[in-house]
Amino acid sequence: MNVKILASLAMPVVLAGVLGGILNGTHHTKLPSLNPPPTVAPPLTTQLMKASRCDNTIRASQPFTGVALTKVSPVAVNAFTAATKSKVSIIEFYSSFPAKFDETAAAYAVAQHALPLVQLNPGKYNKLTLRKIANRADDAKIRAYADAVKAFGYCIVISFGHEMNGWWYRWGRPWNTPATFIKAWRHVHDLFVQAGATNVIWSWDPSHQYDQVTPTKIATPASEWYPGNDYVDWIGLDGYLSLDTNGQPQNFREIFAHQIAYIRSVATGKLLYLAETGVAKESAEVTQINDLFAGIHQYNLAGLIWFEENRKSPWQLAGRAAAIEAYRTGVSQYPKPVTIDKPQS
């Protein structure tokens with residue numbers, strides 16, 4: 001696999017078009033407004049540039065699709081695009097943080113003419129990591145990461161501490177508070193700015209969960225964890241469609257509508273998309289995939305990234321003929337495919 005970064009390139013790489021948890025019961029009780037906003041995100045464009053600033057916005061009238069993998073695998077990406085007959089505009093992967101920048105994975109995404117999106121996990125099993133970041137104890141490692149991203153040069157999407165409003169990651173409750181998370185997020189953002197890493201789009205990615213499910217499983221509205229408009233470019237909401245606790249198929253409105261309302265109450269004018277989503281392999285999968293794409297349009301979202309992994313449920317599309325056909329149909333209803341121009345030397 002050739003994933004070398006084309007360091008000698010000096011001309012911009014420009015988009016030809018435009019780029020665009022895992023839990024069964026929702027137990028919703030709080031009811032913010034569920035009406036979609038009357039307007040969509042402003043019509044803007046995104047560029048991938050070498051050693052230059054990224055425009056961090058997107059034209060919402062042309063939704064994008066992407067694929068998320070725990071670790072970037074060319075075989076998995078190729079299998080997904082071949083099965084769905086659709087080009088991905090974003091390739092998403094995950095990394096512990098602070099750690100070294102995964103340049104190989106990011107370069108592979110660029111080689112596929114897609115934006116790399118890296119989910120930085122600040123101490124998946126260590127509740128102290130987020131506090132150390134907030135209190136500047138890990139600044140040297142973070143600066144090194146920021147320097148590596150700057151040297152990479154191409155536009156990259158970075159999310160820090162996704163699904164922070166849930167109860168399953170150590171950067172969320174009960175181990176940490178929204179105040180600590182916000183302090184850490186802002187500090188990481190500021191260190192990147194100081195390093196001159198202007199090729200970053202900052203994506204804040206909460207979970208769809210927002211309420212108490214059991215006495216020990218308590219999520220909160222995403223708005224409590226929002227770092228502020230000056231520190232966030234995109235917003236990626238995570239959520240999946242499966243069966244509820246009564247064995248009934250979940251729908252888009254049930255899973256996403258409440259949290260979308262919370263988010264838009266604090267993050268006005270921000271691009272909003274599904275950063276992790278999927279539909280479980282079960283009897284209603286075709287109807288649910290149709291509903292997923294319909295919800296993208298109804299709620300004016302910029303696109304979706306499919307989680308092509310089997311974890312707590314079988315989200316992977318591979319081998320699911322009916323689900324794949326429904327996904328193809330959903331993508332075909334987008335205004336036009338999203339592609340990225342090849343680099344110009």
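Heavy atoms only: backbone and side chains are in, while hydrogens, waters and symmetry mates are out. Everything numeric in this text was worked out from a predicted model, so none of it was measured.
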Taking atom types as modelled, is there a side-chain donor on [X] or [Y] under 3.5 Å from an acceptor on the other?
X	Y	answer
Thr180	Thr177	yes
His187	Asp139	yes
Glu308	Trp315	no

Is [X] reaching over with its side chain to a backbone N or O of [Y], donor-acceptor style, under 3.5 angstrom?
X	Y	answer
Trp204	Val232	no
Asn165	Ala219	no
Asp102	Ala105	yes
Arg328	Ala83	yes
Asp244	Asn246	yes
Asp138	Lys132	no
Thr277	Gly239	yes

Subject >> For His162, the option from Tyr169, Trp185, Phe181 that meets ring pair (Phe, Tyr, Trp, His ring centres under 6.0 Å) >> reply: Tyr169
Can you measure from [atom1] ([X]) to [atom2] ([Y]) and round to the nearest 0.5 angstrom?
X	Y	atom1	atom2	answer
Arg136	Asp190	CZ	CG	8.0 Å
Leu128	Ile133	CG	CD1	11.5 Å
Ile158	Ser203	CD1	OG	10.5 Å
Ser89	Leu115	OG	CG	8.0 Å

Hey, which of [options] is the one that makes side chain to side chain contact (heavy atoms under 4.5 Å, CB included) with [X]?
X	options	result
Thr65	Tyr273, Phe80, Tyr327, Trp306	Tyr327
Tyr299	Leu237, Leu274, Ile260	Ile260
Ile263	Pro206, Ser223, Pro221	Pro206

Would you indicate whether the side-chain heavy atoms of [Y] and [X] approach each other to under 4.5 Å?
X	Y	answer
Leu241	Asn251	no
Asn199	Tyr154	no
Ile201	Ile156	no
Leu69	Val77	yes
Asp205	Ile235	no
His208	His258	no
Ile91	Gln112	yes
Trp171	Glu163	no

At their closest point, which heavy atom of [X] faces which heavy atom of [Y], and how far apart are they?
X	Y	result
Ala267	Asn229	CA-OD1, 3.7 Å
Leu191	Ala146	O-CB, 4.4 Å
Pro98	Lys141	CB-CB, 3.6 Å
Leu317	Ala323	CD2-CB, 3.8 Å
Tyr108	Pro74	OH-CA, 3.3 Å
Trp167	Gln209	CH2-CD, 4.1 Å

Run the side-chain donor-acceptor check on residues 281-288: report pairs under 3.5 Å with partners two or more places apart or on a different chain.
{"unit_1": "Glu282", "atom_1": "OE1", "unit_2": "Ala284", "atom_2": "N", "d": "2.7"}
{"unit_1": "Glu285", "atom_1": "OE1", "unit_2": "Arg320", "atom_2": "NE", "d": "3.0"}
{"unit_1": "Glu285", "atom_1": "OE1", "unit_2": "Arg320", "atom_2": "NH2", "d": "2.7"}
{"unit_1": "Gln288", "atom_1": "NE2", "unit_2": "Ser242", "atom_2": "O", "d": "2.8"}
{"unit_1": "Gln288", "atom_1": "NE2", "unit_2": "Gln250", "atom_2": "O", "d": "2.9"}

Original post:
Applying the side-chain hydrogen bond (donor to acceptor under 3.5 Å, both in side chains) test to Asn176, which of Arg131, Lys127, Lys183, Arg170 qualifies?
Top reply: Arg131
Subject >> By ring-ring contact (aromatic ring centres under 6.0 Å, His included) - contacts of Phe101 (at least two apart) >> reply: Tyr145, Phe152
Subject >> Output field: ring centroids Trp202/Phe192 closer than 6.0 Å >> reply: yes
**OP:** Decide side-chain hydrogen bond (donor to acceptor under 3.5 Å, both in side chains) for Gln119 and Glu92; before the verdict, give the C-alpha distance in whole Å, the side-chain angles of both, and the deciding distance to 0.1 Å.
**Re:** CA-CA 7 Å; Gln119 293 284 353; Glu92 178 178 354; 2.9 Å; yes
**OP:** Could you tell me how the ring of Phe160 sits relative to the ring of Phe97: parallel (under 30°), tilted (30 to 60°) or perpendicular (over 60°)?
**Re:** perpendicular
Original post:
Do the rings of Tyr262 and Tyr210 sit parallel, tilted or perpendicular, given the 30° and 60° boundaries?
Top reply: tilted
**OP:** Decide, yes or no, whether a salt bridge links Arg173 with Glu224 under the criterion of side-chain N to carboxylate O below 4.0 Å.
**Re:** yes
